[in-house]
Amino acid sequence: MPKYLLFKDLSEAKEKVPLYTTALVRAGKLEICLAHTEEGFFAVSNECTHQRAPMHKGKVVQGCKIICPWHNYTFSLRNGEELSEHGCPSLRTYPISISEKGVEIEL
Ligand code: FES
């Protein structure tokens with residue numbers, strides 16, 4: 001799987017994307033929402049599976065979840081699952097790896 005370098009190290013990631021915030025990452029044609037939670041960094045597709053809202057404008061909350069900015073559906077950042085029981089498909093998730101190479105996302 002190709003990897004895409006996001007930050008040179010964890011300190012830079014934490015500085016640029018503070019706890020409970022998000023960043024929009026563009027990798028090729030993909031738009032990805034990077035979220036900083038109490039369990040670390042998670043990446044999901046930036047398009048809500050309900051009506052395509054930009055997830056990076058949503059709210060990251062405790063429990064490793066993100067709330068969509070348009071209709072407040074809640075999704076798990078761990079596995080992308082829609083948790084508010086509206087029957088929406090899961091968000092796609094992308095693994096984040098942290099190593100001596102930096103903070104990378106696997107596409
Ligand atoms: S567009 Fe995300 S909940 Fe409606």
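Read the numbers this way: they start at 1 and go in the same order the structure lists the ligands and their atoms.
Counting heavy atoms from C-beta on, the side chains of His50 and His86 never come closer than 4.5 Å.
A side-chain N or O of Ser84 and one of Glu82 form a donor-acceptor pair less than 3.5 Å apart.
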Side-chain polar contacts of residues 91-107 - donor-acceptor pairs under 3.5 angstrom, sequence neighbours left out - could you list them?
from  : atom 1 : to     : atom 2 : distance (Å)
Ser97 : OG     : Lys3   : NZ     : 3.4
Ser99 : OG     : Lys101 : N      : 3.1

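A donor-acceptor pair under 3.5 Å links the side-chain atoms of Tyr4 to the main chain of Arg26, judged by distance alone. Side chain of Glu12 to main chain of Lys8: a donor-acceptor pair is present (N/O by atom type, distance under 3.5 Å, no hydrogens or angles). In this structure a side-chain-to-backbone donor-acceptor pair under 3.5 Å is missing from Asn46 to Leu24.
Atom 4 (Fe) of ligand 1 has His50 ND1, His71 ND1 as its protein N, O or S neighbours under 2.8 Å.
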